[in-house]
Amino acid sequence: MNRSNSSFAATSARAVSSVTSIAQACVAGAAVLAVTAAQAQSTAPAAASAAPATSTYTLGAGVAVTSRYSGSDETMAVPLIAADYQHSSGFFASTMRGLGYGGATNGISYSASVGYRGPRYDQKKQRGGFSTGSDFLRGMGEVKGSATGNLSVGYAVLPWLDLQVRTEQPLTKRENGATYSLGASAKLMNDATDTIGVSVGGTAGDSKYMQTYYGVSAAQAARTAFKAYTPKSGFKEIEAGVNWQHRFDSHWSVTGAVGAQTLVGDAAKSPLVRRKTTPVAAVYGSYTF
């Protein structure tokens with residue numbers, strides 16, 4: 001199995017847990033991120049963060065289908081365009097992973113990067129020829145996009161089973177809040193041409209995050225039909241997915257992923273939520289050199 005393709009597959013996803021915000025960022029024109037490949041941690045986190053023996057470049061393109069915002073019952077399709085540079089030292093610059101550094105030792109992997117969390121619009125808009133936002137949120141106001149600091153640590157429990165914890169901290173627009181995630185993934189098959197994996201995980205938000213994305217302030221309630229709502233910090237969603245990557249040779253591959261996110265706790269009780277469980281899917285091809 002080509003090492004650079006494996007690393008690209010492992011890090012390009014976090015698909016089920018982040019495909020919504022990534023897709024919104026794509027159509028907003030603020031960031032174009034690829035999502036699928038191995039969904040979160042479907043290949044070993046050590047392989048995902050460890051630097052390859054030589055520097056590699058990966059380019060990819062595809063399409064994703066997801067909800068217009070977390071809790072929406074409307075879906076949208078957006079293009080995915082990936083560009084990923086991995087230096088042999090561990091430094092990386094990527095539309096998938098942001099700008100940062102990662103490594104691994106004795107089965108423990110780690111990564112620190114600066115990334116981007118896309119905006120949420122309170123009405124449908126055209127961005128780059130594609131529609132984003134939702135009229136259902138009209139009057140709620142726009143949630144601005146923000147730069148984020150992302151930290152993750154993974155541990156390979158077994159050659160086929162991995163655990164990971166991750167946090168996303170806002171560096172700008174700090175009022176948007178932070179998230180904390182944990183997950184597990186397993187490789188069902190991994191040979192010279194194909195990798196199939198499954199993943200499960202959960203994400204929690206602090207009080208600022210929950211209020212920003214699921215709450216309704218008194219001012220927002222006054223100009224909308226929503227009742228005021230103040231959710232508490234805690235788990236907001238659980239997710240599960242399956243992914244498959246097929247490698248045609250040492251350079252070309254195609255990856256697909258399907259999964260679902262289910263809102264829980266105070267997030268699920270939000271008046272903004274019209275559908276608690278959302279299917280997500282993506283497929284793209286990539287070239288590594």
Side-chain angles (χ1 to χ4, degrees), residues 13-33 35-36 39 63-80 116-146 168 173 176-177 179 181 201-205 208-217 220-221 223-231 234-241 257-283:
R14 298 185 179 90
V16 170
S17 60
S18 61
V19 67
T20 300
S21 61
I22 287 173
Q24 290 171 344
C26 289
V27 294
V32 183
L33 307 178
V35 289
T36 57
Q39 280 186 326
V63 64
V65 177
T66 184
S67 60
R68 287 186 170 271
Y69 68 90
S70 180
S72 174
D73 61 353
E74 301 174 276
T75 58
M76 63 180 182
V78 296
L80 301 177
Y116 181 79
R117 183 191 296 167
R120 187 187 73 182
Y121 297 113
D122 66 347
Q123 57 184 298
K124 289 183 178 180
K125 293 186 177 183
Q126 292 294 319
R127 290 292 185 272
F130 291 85
S131 176
T132 185
S134 174
D135 290 339
F136 183 72
L137 299 176
R138 189 176 295 275
M140 287 294 295
E142 175 185 342
V143 177
K144 301 292 185 179
S146 60
E168 181 183 270
K173 301 297 179 182
N176 288 357
T179 62
S181 304
T203 300
K208 291 182 179 179
Y209 182 93
M210 296 294 285
Q211 184 62 41
T212 298
Y213 294 97
Y214 303 102
V216 180
S217 67
Q220 290 170 326
R223 59 177 184 262
T224 67
F226 301 120
K227 293 182 179 179
Y229 181 67
T230 304
F235 272 95
K236 72 182 188 75
E237 71 182 13
I238 57 175
E239 58 266 348
V258 294
Q261 299 169 316
T262 297
L263 294 175
V264 297
D266 281 8
K269 301 173 185 177
S270 170
L272 306 181
V273 173
R274 306 185 75 182
R275 182 171 61 183
K276 295 180 181 179
T277 299
T278 301
V280 292
V283 61

- Taking C-beta and beyond as the side chain, do Tyr214 and Asp266 meet within less than 4.5 Å on heavy atoms? no
- Work out which heavy atom in Tyr213 is nearest to a heavy atom in Arg120; give both atom names and the distance. O-NH1, 3.0 Å
- Task: Would you check if the side chain of Arg274 reaches a backbone N or O of Ser72 as a donor-acceptor pair within less than 3.5 Å?
- Result: no
- Query: Where is the tightest heavy-atom contact between Ala228 and Ala221, given as atom of each residue plus distance?
  - Reply: N-CB, 3.7 Å
- Query: Under 3.5 Å, is there a donor-acceptor pair between the side chain of Asn176 and the main chain of Lys144?
  - Reply: yes
- Message: Which residues pass the side chain to side chain donor-acceptor pair (under 3.5 Å) test with Gln211, not counting sequence neighbours?
- Response: none
- Message: For the CD atom of Gln261 and the OG atom of Ser67, what is their distance to the nearest 0.5 Å?
- Response: 6.5 Å
- Task: Could you tell me the separation between the CZ atom of Arg68 and the CG atom of Asp135, rounded to the nearest 0.5 Å?
- Result: 8.5 Å
- Message: The criterion is salt bridge (charged side-chain N to carboxylate O under 4.0 Å, His left out); which residues satisfy it with Arg275, sequence neighbours excluded?
- Response: none
- Message: Please enumerate all residues that pass salt bridge (charged side-chain N to carboxylate O under 4.0 Å, His left out) together with Lys124, with sequence neighbours excluded.
- Response: Glu74
- Task: Return the minimal non-hydrogen interatomic distance between Val273 and Ala267, and the atom names on each side.
- Result: CG2-O, 3.2 Å
- Item | Nearest-0.5 Å distance that lies between atom OG in Ser134 and atom OH in Tyr121 | 14.0 Å
- Looking only at atom types and distance, does a side-chain atom of Gln220 sit under 3.5 Å from a main-chain N or O of Met140, one as donor and one as acceptor? yes
- Close side-chain approach of Lys269 and Pro231, heavy atoms under 4.5 Å: no
- Task: Measure across Gly215 and Leu272 and return the closest heavy-atom pair with its distance rounded to 0.1 Å.
- Result: O-CD1, 4.0 Å
- Item | Exercise: identify the closest heavy-atom pair between Thr224 and Gly139 | CG2-C, 3.5 Å
- Query: If you round to the nearest 0.5 Å, how far is OG1 of Thr203 from CD of Glu237?
  - Reply: 5.0 Å
- Message: Counting C-beta onward and ignoring hydrogens, is there a side-chain heavy-atom pair between Met76 and Thr66 closer than 4.5 Å?
- Response: yes
- Query: From Met210 CE over to Ser270 OG, what is the distance, rounded to the nearest 0.5 angstrom?
  - Reply: 8.5 Å
- Query: Once the angle between the rings of Phe136 and Tyr69 is folded into 0 to 90°, is it parallel (under 30°), tilted (30 to 60°) or perpendicular (over 60°)?
  - Reply: parallel
- Task: Provide the closest heavy-atom pair for Leu263 versus Gly71 in the form atom of the first, atom of the second, distance.
- Result: CD1-CA, 3.8 Å
